[in-house]
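These values consider heavy atoms only, across backbone and side chains, with no hydrogens, waters or symmetry-generated copies. In what follows, residues are counted from 1 in the order of the sequence shown.
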Amino acid sequence: MQNVPEEWREGRSESRGGMLVKRRGDSGERSSGDMKGEWRKNAGTGGEEGEKETLMMELTRLVQTMVKESSWWERRGIDCSILAAAFLCLPPAFLLLSSSQILWFSAGMLLMGVAHAVITIKGTHLASHGALSESQAWGKFWAVFFIEVCGSFSARAGVQGHIKMHHAHTNVIGLGDSSVWKVPFLPRTVYLFLAPLAVPIITPLVALAHLKGHSSAHIVRTILMVTLGLYSQYWLLIHVSGFKSPLSTLLCMLICRAMFSVPYIHVNIFQHIGLPMFSPTRRPKRIYQMTHGVLNLPRNPVLDWTFGHSLINCHVEHHLFPFLSDNMCLKVKPVVSKYLTEKQLPYQEDSYLSRLNFFFHRYQELMVFAPPITELVGVQ
């Protein structure tokens, strides 16, 4: 058998039989699932070990072959170019915001809002996974730059929460169950359509809260980086765009930074909450966990560019192979969907409006009450 690099490896055995999905209480033996590097896979035992490769290993080999055959431009270049284009949009945006004509001013506001979304959503997400560079040193640099300077959040907390919790324990109750996005005391209309507009204000405050217990050097660096990012935009709006009052400057910053906050919150809850949730002591193997607990949204010309394919229409692929860039997730999508279909595994997809309607009418069940635990009988 062809040798597989460490980051591609999966447990050695897996039942290939059918599955019965049912809800029940928390019981059973514990399966381990921890992190090494970006993520580790669950180590399984049982049936025909050493004779048959697991489903995850078989799929991994197919994806690994495609990655090896892809050029640097496909692996990282396309996404880096999109981020570079977003930064190049900022100078004309600041200049357009200096116009006294409402049409040009609005164009500047829109351009800055789109650029900010690309940088702070797509950029921070790729940087948190180290998908922008093959160098670990550059990977850490880009994580600090995108997450702290551009995103106004703590890079360490971002990686810990997203990589080591959400990806390592996807849909596992109390670990990676997306409960961080729940605000049970808010009515559904406020939560779904109004509260997200406060994300630009809440984000740096949450970042400060995450600094508790860290070293003084880390605290100082994070505060300086977040302050640098916020003050840079404030300074440019005053000295380049010609804003006169601090209040109007801050309001412009808020509007630009909150422009895509509503779909950002929606995407984070639509693709996991409402799907099977698993007990920490009885989780399925990775391929079953991800195929049952992750959902793809359809292609969207706006969100695909601003959020990235891995957050929109390739979220299943992203959770199975989180180190891939957005473009590579899109490239391997046909292989992954075909393989999962052939193996009679779920490949879940739903439209944005369908999920919105689902959450709006079942808000109490999904966002207030504790989710039921799912067991995949026959594979756990």
Sort and list the pairs that fulfil salt bridge (charged side-chain N to carboxylate O under 4.0 Å, His left out) and have at least one residue in residues 234-247, not counting sequence neighbours.
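Output for this query is empty, none listed.
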
Any chance the side chains of [X] and [Y] put a donor and an acceptor closer than 3.5 Å?
| X | Y | result |
| --- | --- | --- |
| K331 | S70 | yes |
| S279 | T281 | yes |
| S179 | D177 | yes |
| R355 | Q271 | no |
| H318 | H309 | no |
| R283 | H169 | yes |

Measure the shortest side-chain to side-chain distance between [X] and [Y] over non-hydrogen atoms and say whether it is less than 4.5 angstrom.
| X | Y | value |
| --- | --- | --- |
| I163 | S128 | yes |
| S325 | H129 | no |
| I265 | F193 | no |
| S232 | L228 | yes |
| T60 | F321 | yes |
| I119 | L90 | yes |
| I147 | T124 | yes |
| Q289 | V172 | yes |

Is it true that [X] and [Y] have ring centroids separated by less than 6.0 Å?
| X | Y | value |
| --- | --- | --- |
| H266 | Y352 | yes |
| H319 | H166 | yes |
| W181 | Y264 | yes |

Hydrophobic cluster partners of L330 (side-chain heavy atoms under 4.5 Å)
none

Kindly give the cluster partners of W104, where membership spreads through any ILVMFWY side chain lying under 4.5 Å from a current member.
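Under the 4.5 Å side-chain rule, W104 groups with L96, L111.
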
To the nearest 0.5 angstrom, please state how far the [atom1] atom of [X] sits from the [atom2] atom of [Y].
| X | Y | atom1 | atom2 | value |
| --- | --- | --- | --- | --- |
| L83 | K122 | CG | NZ | 6.0 Å |
| R76 | S71 | CZ | OG | 12.0 Å |
| M277 | T170 | CE | OG1 | 9.5 Å |
| D79 | L324 | CG | CG | 10.5 Å |
| E317 | Y347 | CD | OH | 3.5 Å |
| L345 | Q348 | CG | CD | 11.0 Å |

Anything under 30° is parallel, anything over 60° is perpendicular, the rest tilted; go ahead and classify [X] against [Y].
| X | Y | answer |
| --- | --- | --- |
| H272 | H315 | perpendicular |
| F307 | F260 | perpendicular |
| F145 | F87 | tilted |
| Y288 | H292 | tilted |

[X] side chain to [Y] main-chain N or O, any donor-acceptor pair under 3.5 Å?
| X | Y | value |
| --- | --- | --- |
| N171 | G293 | yes |
| T65 | R61 | yes |
| N357 | L353 | no |
| H116 | M112 | no |
| E148 | A155 | yes |
| N296 | V316 | yes |
| H125 | I121 | no |

Please test C252 against F243 for side-chain contact (heavy atoms from CB on, under 4.5 Å), starting from the C-alpha separation and ending with a verdict.
CA-CA 9 Å; C252 179; F243 280 69; 3.8 Å; yes

Answer yes or no on whether R188 is positioned over the face of F359, meaning its NZ or CZ is under 6.0 Å from the six-membered ring centre and within 45° of the axis.
no

When clusters are formed by joining ILVMFWY residues with side-chain heavy atoms under 4.5 Å apart, either directly or through shared neighbours, do [X] and [Y] land in the same one?
| X | Y | result |
| --- | --- | --- |
| V262 | I255 | no |
| L237 | L254 | no |
| M290 | Y339 | yes |
| V183 | V267 | yes |
| V226 | L211 | no |

Over all atoms of both residues, closest heavy-atom pair of [X] and [Y]:
| X | Y | answer |
| --- | --- | --- |
| W138 | S133 | CB-OG, 3.4 Å |
| A115 | A86 | CB-O, 3.4 Å |
| I273 | K182 | CD1-CE, 4.0 Å |
| V199 | S261 | CB-OG, 3.9 Å |
| R286 | L320 | NE-O, 4.1 Å |
| S152 | R257 | OG-NH1, 3.5 Å |

Neighbour count >12 (heavy atoms, 6.0 Å) for atom NZ, K333
yes

Is the count of non-hydrogen atoms from other residues, nucleotides or ligands lying under 6.0 Å from F270 atom CZ greater than 12?
yes

T249 and S245: side-chain contact (heavy atoms from CB on, under 4.5 Å), yes or no, with the steps?
CA-CA 6 Å; T249 306; S245 72; 5.6 Å; no

Using the side-chain contact (heavy atoms from CB on, under 4.5 Å) rule, take L132 and C80 through it: C-alpha gap first, then chi angles, then the decisive distance, then the call.
CA-CA 7 Å; L132 295 176; C80 289; 4.2 Å; yes

Might you work through the ring pair (Phe, Tyr, Trp, His ring centres under 6.0 Å) test for F153 and H210, ending with a clear yes or no?
CA-CA 9 Å; F153 198 67; H210 277 289; 5.8 Å; yes

Look at R362 together with E365 and state whether they make a salt bridge at an N to O cut-off of under 4.0 Å.
yes

Starting from the C-alpha separation in whole Å, work towards a yes-or-no answer on side-chain contact (heavy atoms from CB on, under 4.5 Å) for M165 and Q160.
CA-CA 6 Å; M165 294 300 292; Q160 172 67 30; 4.1 Å; yes

